[in-house]
Amino acid sequence: MNTRSSLYASATVRVGRTGAALDLSRRAFGWTSIHFAVRHLAAGDVWSGRTGGEERCLVLLRGLFDARWSDQWHHVGPRADVFSDYPCAVYLGPRTTFRIVAERDCEIADCRAPSSHARESRVITPADCGYEIRGGGNATRQIVDIVPPEFPADRLLLCEVYTPGGNWSSYPPHKHDTDDPPREVDLDEVYYYRFRDAAGYGFQRLYTRRRDETLRVTHGDVVAVREGYHPFVTAYGYDAYYLNVLAGHRRSMAASDDPAHAQFRRNWPPPDPRLPMVVPPASRTAREGTR
């Protein structure tokens with residue numbers, strides 16, 4: 001049984017300061033797949049680095065920045081916050097030297113996975129991101145793919161999920177801890193939570209045949225999903241956001257529903273009219289998903 005913590009809280013970074021609210025290495029998580037951090041960068045400050053033996057996706061949560069690699073500058077943003085605008089991101093392949101200059105105060109999710117394969121770095125614009133409505137009734141949520149399976153990354157997969165107050169998400173409960181494609185693939189996963197109201201909260205259940213725990217999650221929390229089923233519900237009145245970061249050895253998000261609850265997927269009621277929570281670019285139309 002894995003006895004490591006599944007829940008991690010953010011540190012406070014004062015407004016207008018540069019610092020890390022989270023910096024969770026693979027060793028901290030107890031796995032070999034994902035490093036996850038959230039960095040605050042004050043306007044005018046610079047963050048430089050090299051990806052080395054990792055691929056990285058820098059997701060803009062708030063702000064505006066310029067990014068440089070291969071002797072070219074790229075404009076990323078603006079994004080007022082995750083509940084106001086579609087995502088912008090930068091994908092950086094291994095062995096890439098980069099420089100980030102904050103044009104405004106920024107919050108950036110730094111998502112990494114080991115990689116030894118050459119991949120082309122690029123900006124991911126709002127128009128590049130997906131739009132999907134999943135579920136129905138009070139299990140409706142909005143999915144925004146940033147790095148889907150068809151994206152030319154190595155191991156990283158990313159999406160943002162919006163769940164209206166009182167609704168369930170990641171439902172019916174599903175898991176992805178067994179390598180049995182195309183039915184299911186083995187993926188580690190991070191949930192990074194934000195709530196429209198800082199007083200918001202929700203609950204995420206993590207369970208297998210051997211372990212069953214329910215976590216209270218609040219603004220800025222991270223949940224590490226190493227195995228098992230992992231549904232989420234947000235409290236009434238509190239709209240929730242989470243960034244999913246997944247990594248395995250296959251370009252797939254195939255998952256298996258808990259057989260005890262799988263029947264609900266076959267007969268969803270009409271979708272919640274509160275969605276979309278964040279309006280997609282005009283070129284996008286919703287599609288029904290099965291995950």
Practice item. Run the numbers on Y242 and Y192 for ring pair (Phe, Tyr, Trp, His ring centres under 6.0 Å), then give the verdict. Key: CA-CA 5 Å; Y242 54 82; Y192 171 64; over 10 Å; no

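In summary, D177 and R226 do not engage in a salt bridge, as defined by a charged side-chain N under 4.0 Å from a carboxylate O. One finds a salt bridge joining K175 and E184 here, because a Lys/Arg side-chain nitrogen approaches an Asp/Glu carboxylate oxygen to under 4.0 Å. Salt-bridge formation is not detected for the pair E54/R95: no Lys NZ or Arg NE/NH1/NH2 atom is positioned less than 4.0 Å from an Asp or Glu carboxylate oxygen. Electrostatic pairing of R112 and D110 counts as a salt bridge here, judged by a charged N lying under 4.0 Å from a carboxylate O. Classification of E103 and R79 as a salt-bridged pair fails, no side-chain N sitting under 4.0 Å from a carboxylate O. Using a 4.0 Å cut-off between charged side-chain N and carboxylate O, D212 and R205 make a salt bridge.
Using a 4.5 Å cut-off on side-chain heavy atoms (C-beta onward), L157 and E189 make no contact. Residues Y191 and H230 form a side-chain contact, since some pair of their non-hydrogen atoms from C-beta on lies under 4.5 Å apart. Side-chain atoms of R99 and W47, non-hydrogen and from C-beta on, never get closer than 4.5 Å to each other. Looking only at side-chain heavy atoms (C-beta outward), L158 and C111 come within less than 4.5 Å of each other. Looking at D257 and R265, their side chains come closer than 4.5 Å, going by heavy atoms from C-beta outward. Residues R250 and P181 meet the side-chain proximity criterion, which asks for heavy atoms closer than 4.5 Å.
Ring pair Y193/F232: centre-to-centre distance below 6.0 Å. When ring centroids are compared, Y162 and Y241 come within the 6.0 Å threshold. Aromatic ring centres of H174 and H261 lie farther apart than the 6.0 Å criterion allows.
For the residue pair N138 and D272, no side-chain donor N or O sits within less than 3.5 Å of a side-chain acceptor on the partner. A donor atom on one side chain and an acceptor atom on the other are not found under 3.5 Å apart for R134 and T140.
Atom CG of N267 sits in a sparse spot, with 12 or fewer heavy atoms from other residues, nucleotides or ligands closer than 6.0 Å. Residue E120 qualifies as open at atom CD: its count of foreign heavy atoms under 6.0 Å is 12 or below.
Each of L61, V59, L58 was evaluated against I108; a single residue qualifies, L58, per the side-chain contact (heavy atoms from CB on, under 4.5 Å) test.
In this structure, the separation between CZ on R155 and CG on L246 is 11.5 Å, given to the nearest 0.5 Å. For the atom pair CZ (F98) and OG (S121), the distance works out to 10.0 Å, reported to the nearest 0.5 Å.
In this structure, R122 forms no cation-pi arrangement with Y91, as its terminal cationic atom is not both closer than 6.0 Å to the ring centre and no more than 45° off the ring axis.
Here the shortest heavy-atom pairing between T218 and Y201 reads CG2-CB, 4.1 Å. The two residues L187 and S252 make their nearest non-hydrogen contact at CD1-O, 3.4 Å.
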